[in-house]
Peer 1: 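Dropping a structure here in structure tokens format, bear with me for questions.
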Protein chains: 2
Amino acid sequence: MLSKKTKYGLKALTYLASVDSKVPVQIAEIAKHENISQKFLESILLTLRRNGFLGSKKGKGGGYYLIKEPKDILMTSVMRVLEGPIAMIPCVSLNFYEKCDDCPDENKCSVNKLMLQVRDSALEVYRNNTLEDLIS
Amino acid sequence: MLSKKTKYGLKALTYLASVDSKVPVQIAEIAKHENISQKFLESILLTLRRNGFLGSKKGKGGGYYLIKEPKDILMTSVMRVLEGPIAMIPCVSLNFYEKCDDCPDENKCSVNKLMLQVRDSALEVYRNNTLEDLIS
DNA sequence: ATATTTTGTCTTCTTGGAGAGCATATTACG
DNA sequence: CGTAATATGCTCTCCAAGAAGACAAAATAT
């Protein structure tokens, strides 16, 4: 399941991209437009900012804005920051690899074999989508 | 993330398929061979039996066995029983559809658009893999 | 009958998601 | 300068689900 964090984060990014200028947008405006809990959204925007997707401006007239162009924001990086690993199991993860403690040989593991294919196909989708592609 | 339930269930199915005959295999044997908690495995095998994948035989010489041929067991059905919906979000699920309560129009939703592609690519993988394909 | 094995139920423990609340820092603007 | 507006940081709680462990009951081969 996709976490609400990722869902809301994607919606917020899409909204910011659709506003198309670099003037800061307040959290309250995003939350209202997307029907999201404002407090929850704050923490999400914060992690997006920490990871270089958003900039923020404090004080009156402040808010959040996109740092890069929508066409330069790949879904692979957004998903990794918001949702975590793209792989469904650590032993097939590119960026978060971890060995299964119950599995003696990954190459003979049926779960590994299947999930490797799933990861590759998901990766293919995320690599072919930028933030710009999500705006209809 | 893939739940351990699904992971263990897949491993157990693979093991039963590799034994290649229809003689019952005891839970303890499967658990030992795959390094799985036996008690947890019991409940997993139970749901696999209830959903028509396995048969069981009680008493001495009893155990679990595959009902269908490995080549006739599709990963789509296994995943749906063990892991639940294949889609990452209910509004793009084929078998477990549910509307998002915050989303006024699915067709304009960026999350929907992206997750639809992810679901299709995952489905493609699961449809192309039977239990037989997982035995190397 | 008895030992073996599945079946069923109840309980517990831990983890993570989701969000509320409040205090603090920064900035625009009159 | 001062005040209102806004973002930031932190803690805390609530709830659900995953992951088991304990133990009694039912079925069956021998």
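Chain identifiers are assigned alphabetically (A, B, ...) following the order of the sequence lines, protein sequences preceding nucleic acid strands; residue numbering begins at 1 within each chain. What you see is a predicted model; the values in this text were computed from it and never measured.
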Peer 1: From B/Glu42 CD over to B/Ser37 OG, what is the distance, rounded to the nearest 0.5 angstrom?
Peer 2: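 That separation rounds to 8.5 Å.
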
Peer 1: Output the rounded distance in Å from NZ (A/Lys58) to P (C/dT26).
Peer 2: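 These atoms are roughly 5 Å apart.
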
Peer 1: What contact category does A/Ile27 fall into here, base, sugar-phosphate, or nothing, at under 4.0 angstrom with non-hydrogen atoms?
Peer 2: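 Sugar-phosphate contact only - A/Ile27 comes under 4.0 Å of backbone atoms but never of a base.
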
Peer 1: How close or far is atom C1' of C/dG8 from atom CD1 of B/Ile44, stated in whole angstroms?
Peer 2: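 Rounded to whole Å, this separation is 16 Å.
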
Peer 1: To the nearest Å, give me how far apart CG (B/Asp102) and C1' (C/dG19) are.
Peer 2: 15 Å

Peer 1: What's touching nucleotides 16-25 of chain D from the protein side, N or O pairs under 3.5 Å?
Peer 2:
unit_1	atom_1	unit_2	atom_2	d
D/dA19	OP1	B/Lys4	N	3.1
D/dA19	OP2	B/Lys4	N	3.0
D/dA19	OP2	B/Lys5	N	3.4
D/dG21	OP2	B/Ser37	OG	3.4
D/dC23	N4	B/Lys39	NZ	2.5

Peer 1: When the distance from CZ of A/Arg49 to P of C/dA25 is rounded to whole Å, what number comes out?
Peer 2: 16 Å

Peer 1: Taking B/Glu29 first and then B/Lys32, would you say they form a salt bridge - that is, a charged N and a carboxylate O separated by under 4.0 Å?
Peer 2: no

Peer 1: Rounded to whole angstroms, how far apart are CE on A/Met1 and P on C/dA18?
Peer 2: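 The distance from CE of A/Met1 to P of C/dA18 comes to 12 Å, rounded to the nearest Å.
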
Peer 1: Grab the two heavy atoms, one from B/Ala122 and one from B/Ile86, that are nearest each other, plus how far apart they are.
Peer 2: CB-CG2, 4.1 Å

Peer 1: Take atom NZ of A/Lys7 and atom C1' of C/dA18, then tell me their distance rounded to the nearest Å.
Peer 2: 13 Å

Peer 1: Among residues 80-101 of chain B, which residues get a heavy atom nearer than 4.0 Å to DNA chain C?
Peer 2: none

Peer 1: When you get a sec, tell me which of D/dA29, C/dG8, C/dA28 is the closest nucleotide to the side chain of B/Leu46?
Peer 2: C/dG8

Peer 1: Would you mind telling me which of D/dA5, C/dA25, D/dG9 lies closest to the side-chain atoms of A/Lys60?
Peer 2: D/dA5

Peer 1: Does C/dG8 have OP1 or OP2 sitting under 4.0 Å from an N or O in the side chain of B/Arg50?
Peer 2: yes

Peer 1: Linking I/L/V/M/F/W/Y whenever their side-chain heavy atoms sit closer than 4.5 Å, directly or via other members, would A/Val81 and B/Met88 fall into one cluster?
Peer 2: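 Yes: a chain of side-chain contacts under 4.5 Å links A/Val81 to B/Met88.
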
Peer 1: Could you tell me which non-hydrogen atom of B/Tyr65 sits nearest to which non-hydrogen atom of B/Ser56, and how far apart they are?
Peer 2: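 What the structure gives for the nearest pair is CE2-N, 3.7 Å.
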
Peer 1: With no hydrogens and no angle check, do the side chains of B/Glu83 and B/Ser3 hold a donor and an acceptor under 3.5 Å apart?
Peer 2: yes

Peer 1: Around atom CD of A/Gln38, are there more than 12 heavy atoms of other residues, nucleotides or ligands at under 6.0 Å?
Peer 2: yes

Peer 1: Give the minimum heavy-atom separation between B/Asp102 and A/Asn35, together with the two atoms involved.
Peer 2: O-ND2, 3.1 Å

Peer 1: Output the rounded distance in Å from CD1 (B/Ile30) to C1' (C/dT5).
Peer 2: 13 Å

Peer 1: Indicate the atoms forming the closest heavy-atom contact of A/Met1 with B/Ile89, along with that distance.
Peer 2: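 Minimum heavy-atom contact is CE-N, 4.4 Å.
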
Peer 1: Using whole Å, report how far NZ of A/Lys57 lies from C1' of C/dA25.
Peer 2: 16 Å

